[in-house]
Amino acid sequence: MAFGLLRPARRKFGVCAKSAAAVLLCFRHQGRAWREKLTKKTCGAARVADVGAAIELNGWVNRRRDHGGLIFVDIRDHEGVTQIVFDPQHPAFAQAETLRHEDVIRVHGAVRKRPAGTQNAKLRTGEVEVAVAELFIHSRSTVPPFPIAGDEAVDENLRMEYRYLDLRRPRLQRNMRLRHNMVKAIRDFFDDRGFIEIETPMLIKSTPEGARDYLVPSRLHRGTFYALPQSPQLLKQILMIAGFGRYMQIARCMRDEDLRADRQPEFTQLDVEISFCTQEEVLELMESAMKFAWKRALGEEIVHDFPRLQHADAMQRYGSDKPDLRFGLELREVSEIFASSEFKVFRAQSDDPKGAVIGVRYPGGAALSRRDFDALTEVAKQFGGKGLVWIALGAGETKSSAAKFMTEENVSALRSALDAQTGDALLLFADERSAALAVAGKMRNEVAERCGLRDPQRFAFAWVTDFPLFERDEETGAPTPAHHPFTAPRDDQWDLLDRNPLAMRAQHYDLVLNGWELGSGSIRIHNAEFQRKIFALLGISGEQIEDRFGFFLRALDYGAPPHGGMALGIDRLAMIAVGEENIRDVVAFPKNQAARDMMMDAPSHVPDRLLRELSLQIKDETGK
RNA sequence: GGCGUUGUAGCUCAGUUGGUUAGAGCGCCGCCCUGUCACGGCGGAGGUCGAGGGUUCGAGUCCCUUCAACGUCGCCA
């Protein structure tokens with residue numbers, strides 16, 4: 001153990017009198033002229049054209065190759081890696097022998113061409129190297145808990161606890177840079193088109209609907225709370241009323257809900273709002289913004305218009321309001337095939353107008369074993385299904401979990417309905433129509449995943465339009481907003497509000513990318529009277545309306561322009577663009593699944609003094 | 001809150017039907033090495049097998065409880 005203590009202590013004072021003397025010696029040797037020509041460069045900069053130049057490099061020790069008589073060190077910074085060479089005759093050699101991973105150094109030296117045959121094509125700087133004249137050690141690193149130089153898999157616990165080290169690694173360096181480029185492109189795009197970025201407050205009023213609010217207790221008004229914004233929705237509408245016309249913001253939003261791979265409690269939205277606009281204008285603008293960002297940040301030209309699907313159409317064809325259009329495998333309703341079937345479960349759904357039998361094709365699925373299909377059935381149950389019936393269209397024979405009930409006519413009708421070929425399998429789901437579509441839609445994605453059809457290098461954007469204005473609350477049966485209560489219905493449908501609100505279509509649109517919902521937008525209600533009617537329909541009393549939304553309704557009373565806009569999840573956008581499957585990999589300091597910051601260890605207890613100032617008292621930490 | 005996966009050296013992992021002293025690669029430490037670039041060679045240190053309990057002559061391995069991370073359902077207007 002004594003040795004273990006001695007060693008770091010010695011290294012900590014590595015910049016000793018002896019090496020300082022060596023530095024002086026070095027400068028005397030090189031002469032003043034050389035020193036004056038010294039230019040500072042990044043570690044990704046040196047090229048053959050720089051040969052002979054005197055340069056300064058600062059960075060981390062990425063790798064060290066000690067040949068005893070000759071030491072190579074790869075020095076790394078945000079721009080790249082350069083090989084530096086220590087010659088045994090040089091005074092800095094002894095110091096170079098003490099360098100370890102992640103030590104931070106500065107070197108002065110001469111760029112020189114590498115000897116023939118020793119160039120490294122993997123490095124941008126690989127044709128040259130720097131012959132070190134002087135070494136200065138800015139700081140030493142203890143041995144990192146995981147390797148920094150590569151991108152090998154590391155436990156998420158460790159990565160988040162040592163986030164600054166994880167961020168040093170190539171993958172997150174690349175991800176954060178690409179995210180920046182994308183956001184920069186978006187800002188430039190909107191700036192060019194006359195939008196201005198306006199910041200909206202983080203401390204706002206809690207409004208009842210939607211996600212759970214993060215609350216901030218007020219010291220000056222004890223017993224009351226600010227809420228952190230779930231989105232700047234009402235503020236941006238008020239900015240339209242305030243006459244700003246074209247607003248955008250890269251806005252932080254907070255929602256206190258459970259996390260997922262694509263959800264963090266705080267996240268970033270591209271928030272856009274425009275006065276005097278139509279839905280069509282918003283779609284065209286946002287589509288152009290995406291194309292511009294893709295070109296600038298990824299160098300990829302998206303030439304085709306984004307496909308547009310009506311909500312009902314998306315549900316019927318893909319069983320989802322965020323269909324993944326990288327592949328086909330459309331769902332087909334095959335209810336009528338079972339109209340006179342012996343198969344009671346399917347016939348019941350076929351006969352019931354609310355029921356349906358939905359089929360999905362599984363390319364090459366006939367090769368699956370019974371056991372595989374059993375496992376697939378379990379997956380279907382996890383997706384909320386009652387199960388599934390499978391038909392394997394083998395070359396020799398057709399097998400099925402419902403072979404007893406399946407006639408040859410049934411099979412051939414299904415086969416043609418689903419455009420299936422020999423070697424495919426068919427998966428059938430019978431349930432209430434919306435439930436059957438939902439399960440089949442999830443299974444469609446699952447099948448595509450298994451067939452390798454979800455290529456992360458492909459980007460399939462799509463618009464989903466004509467959402468219903470309201471959905472039926474599953475518990476109470478009452479109408480509840482499909483989007484939010486400020487969404488305008490189609491202009492020709494206001495008369496339905498009193499008669500049949502659930503039939504109303506909204507001027508509401510979603511942008512979808514590779515099966516992820518990137519964001520939603522709508523044309524908003526700009527008439528206080530209509531807005532009051534919507535609140536009333538949602539069962540909010542007059543008193544509550546005044547208490548929660550009074551400020552907003554008053555604003556609407558002073559001449560509100562027609563307006564609409566959209567909000568896009570920047571984190572998700574970046575995640576998909578860089579090909580990650582987890583949002584944490586495009587966020588510098590993410591929270592874990594339990595919403596903890598593992599690096600800072602937040603949230604944490606606070607001193608009683610702070611609580612007293614806020615008139616707060618913790619009653620029971622277990623929350624029971 | 002429910003369900004699932006994972007947890008063995010600093011890291012990534014292996015560990016057979018329960019059986020002697022728990023292994024490998026990388027990293028780390030020491031010595032050697034003048035053209036490497038995942039440098040190489042020789043030697044060495046390093047383990048609460050997530051934690052607790054149980055079954056057993058004997059548990060990394062079987063059972064129960066629990067903790068953590070991740071995924072997912074609920075939730076996310």
Side-chain angles (χ1 to χ4, degrees), chain A residues 1 3-4 6-8 11 62-75 81-90 93 97 100-102 112 114-123 125-126 129 131 142-162 165 207-213 230-231 233-234 253-265 267 378-379 381-384 442 467 469-471 473-474 479-487 506 508 517 520 522 534-535 538 540 569 581-582 584 591-594 596 598 623:
Chain A
M1 202 59 215
F3 280 111
L6 270 176
R7 172 74 192 163
R11 292 188 57 215
N62 200 47
R63 283 206 172 86
R64 185 181 62 114
R65 293 173 293 281
D66 186 346
H67 288 234
L70 191 66
I71 299 172
F72 299 101
V73 170
D74 292 338
I75 180 172
V81 167
T82 301
Q83 171 167 289
I84 61 177
V85 188
F86 293 88
D87 195 85
Q89 280 85 53
H90 197 278
F93 191 81
E97 284 182 314
R100 294 295 182 272
H101 285 130
E102 302 309 309
R112 72 184 181 205
R114 293 199 192 189
T118 66
Q119 293 90 348
N120 184 351
K122 289 184 217 159
L123 292 180
T125 59
E129 62 191 10
T142 49
V143 178
F146 51 82
I148 309 300
D151 274 330
E152 44 279 278
V154 174
D155 181 69
E156 290 263 357
N157 265 322
L158 270 181
R159 290 179 58 195
M160 284 194 272
E161 186 179 343
Y162 296 93
L165 297 182
T207 53
E209 320 286 328
R212 197 173 292 116
D213 281 325
Q230 295 179 26
S231 83
Q233 181 62 35
L234 287 176
C253 307
M254 292 82 179
R255 295 179 190 173
D256 187 4
E257 296 292 347
D258 285 359
L259 285 74
R260 289 288 184 278
D262 64 333
R263 259 167 35 196
Q264 282 276 304
F267 56 99
E378 283 309 306
V379 173
K381 285 179 181 166
Q382 277 168 27
F383 289 159
K442 286 176 186 166
F467 277 72
L469 185 60
F470 301 109
E471 288 164 349
D473 187 298
E474 283 188 20
T480 139
H483 182 36
H484 56 51
F486 317 107
T487 304
H508 164 197
E517 180 194 320
S520 288
S522 60
I534 296 282
F535 284 141
L538 295 172
I540 308 174
E581 289 182 347
N582 197 299
R584 290 188 300 272
K591 310 264 188 294
N592 75 3
Q593 196 172 45
R596 296 196 63 85
M598 309 263 291

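Just so we're clear, the structure is a prediction, and the values are computed from it rather than from any experiment. Chain A is the first sequence line, chain B the second, and so forth, proteins listed ahead of strands; every chain is numbered from 1.
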Query raised in the report: Taking atom C1' of B/U72 as reference, at what distance in whole Å does atom CG of A/D262 sit?
Result: 11 Å

Query raised in the report: Has the side chain of A/Q382 got a donor or acceptor that lies under 3.5 Å from a partner of the other kind on the base of B/G4?
Result: no

Report task. Sort out the partner of B/A68 for me: Watson-Crick or G-U wobble, both distances under 3.5 Å, none otherwise. Result -> B/U6

Query raised in the report: Roughly, in whole Å, what's the span from NZ in A/K381 to P in B/C73?
Result: 18 Å

Report task. Report yes or no: is the ring centroid of A/H67 under 5.5 Å from the six-membered base ring centroid of B/U36, with the two planes under 30 degrees? Result -> no

Query raised in the report: Please give, in whole Å, the distance from B/A38 P to A/D74 CG?
Result: 9 Å

Query - Side chain of A/R260 - closest among B/G27, B/U72, B/G35 - result: B/U72

Under 3.5 Å, which N/O atoms of the protein pair with N/O atoms of nucleotides 5-8 of chain B?
none

Query raised in the report: Taking NE2 from A/H484 and C1' from B/C76, how many angstroms apart are they, rounded to a whole number?
Result: 15 Å

Query raised in the report: Which residues pass the ring-ring contact (aromatic ring centres under 6.0 Å, His included) test with A/F535, sequence neighbours left out?
Result: A/F549

Query raised in the report: Would a 4.5 Å heavy-atom cut-off, applied to side chains only, mark A/P115 and A/E129 as touching?
Result: yes

Query raised in the report: Which part of the nucleic acid, if any, lies within contact of A/S231, taking any heavy atom under 4.0 Å across all strands shown: a base, the sugar-phosphate backbone alone, or nothing?
Result: base

Query raised in the report: Is it true that a side-chain atom of A/R114 and a backbone atom of A/G126 form a donor plus acceptor pair closer than 3.5 Å?
Result: yes

Report summary line: Separation of B/G74 atom C1' from A/F383 atom CZ, nearest Å, is 16 Å

Distances under 3.5 Å between protein N/O atoms and the N/O atoms of nucleotides 66-69 of chain B, please, pair by pair.
from, atom 1, to, atom 2, distance (Å)
B/A69, OP1, A/N592, ND2, 2.8
B/A69, O4', A/N157, ND2, 3.2

Report task. Output all residues satisfying side chain to side chain donor-acceptor pair (under 3.5 Å) with A/S231, sequence neighbours left out; order by chain, then residue number. Result -> none

List, with names and distances, any nitrogen or oxygen atoms from the protein found under 3.5 Å away from nitrogen or oxygen atoms belonging to nucleotides 40-47 of chain B.
none

Report task. Report the residues that fulfil side chain to side chain donor-acceptor pair (under 3.5 Å) with A/R263, sequence neighbours left out, ordered by chain and then residue number. Result -> none

Requested in this report: Can you check whether any acceptor in the base of B/C76 is under 3.5 Å from a donor in the side chain of A/R263, or vice versa?
Outcome: yes

Requested in this report: Name all residues meeting the salt bridge (Lys or Arg N to Asp or Glu O under 4.0 Å) criterion together with A/E257; count only those two or more places apart in sequence or in a different chain, and write none if there are none.
Outcome: A/R212

Query raised in the report: Hey, does A/E471 reach any base, or is it just sugar-phosphate, or nothing, if we go heavy atoms under 4.0 Å?
Result: nothing

Query raised in the report: Heavy atoms under 4.0 Å, any strand shown: does A/P115 hit a base, just sugar-phosphate, or nothing?
Result: base

**Report entry** Non-hydrogen atoms of A/P479 and A/L538 that approach each other most closely
**Finding:** O-CD2, 3.5 Å

Query raised in the report: Under the 5.5 Å and 30° test, is A/F146 stacked on the base of B/C11?
Result: no

Requested in this report: Pick base, sugar-phosphate or nothing for A/E378, based on heavy-atom distances below 4.0 Å to the nucleic acid.
Outcome: nothing

Query raised in the report: So, is A/R65 near the phosphate of B/U36, with a side-chain N or O under 4.0 Å from OP1 or OP2?
Result: no

Requested in this report: Please tell me which of A/P88 and A/P147 maps to the more 5' nucleotide of RNA chain B, matching each residue to the nucleotide holding its nearest heavy atom.
Outcome: A/P147

Query raised in the report: Given atom CD1 of A/I148 and atom C1' of B/U12, what is their separation to the nearest angstrom?
Result: 15 Å

Report summary line: With sequence neighbours left out, the residues meeting side-chain contact (heavy atoms from CB on, under 4.5 Å) with A/D258 are A/R260

Query raised in the report: Base, sugar-phosphate alone, or nothing: which one does A/R63 contact when heavy atoms must sit under 4.0 Å apart?
Result: sugar-phosphate

Report task. Remember a base hit wins even if backbone is also touched, and classify A/I71 as base, sugar-phosphate or nothing at under 4.0 Å, heavy atoms. Result -> nothing

Query raised in the report: Can you check whether A/R584 has a side-chain N or O nearer than 4.0 Å to OP1 or OP2 of B/G71?
Result: yes

Query - Nucleotide forming a Watson-Crick or wobble pair with B/G43, both distances under 3.5 Å - result: B/C29

Report summary line: Hits for ring-ring contact (aromatic ring centres under 6.0 Å, His included) against A/F93, two or more places apart or cross-chain, chain-then-number order -> none

Query raised in the report: B/G27 base to A/R100 side chain: any donor-acceptor pair below 3.5 Å?
Result: no

Query - Non-neighbouring partners of A/E152 that pass salt bridge (Lys or Arg N to Asp or Glu O under 4.0 Å), sequence neighbours left out - result: none

Requested in this report: Classify the nucleic acid contact of A/R114 as base, sugar-phosphate or nothing, counting any heavy atom under 4.0 Å across all strands shown.
Outcome: base

Report summary line: ring-ring contact (aromatic ring centres under 6.0 Å, His included) filter on A/F467, not counting sequence neighbours, yields A/H311, A/H508

**Report entry** Donor-acceptor pair under 3.5 Å, A/R112 side chain vs B/G35 base
**Finding:** yes

Report task. Quick one: list whatever passes salt bridge (Lys or Arg N to Asp or Glu O under 4.0 Å) with A/E102, sequence neighbours left out. Result -> A/R76, A/R168

Query raised in the report: Within this structure, what is the CD-to-P distance between A/Q230 and B/C76, rounded to whole angstrom?
Result: 10 Å

Query raised in the report: More 5' along RNA chain B: A/G126 or A/A153, using each one's nearest nucleotide?
Result: A/A153

Query raised in the report: Which one, B/C75, B/C37, B/G10, comes nearest to the side chain of A/E257?
Result: B/C75

Report summary line: The nucleotide from B/C76, B/G35, B/C11 with an atom nearest the side chain of A/A211 is B/C76

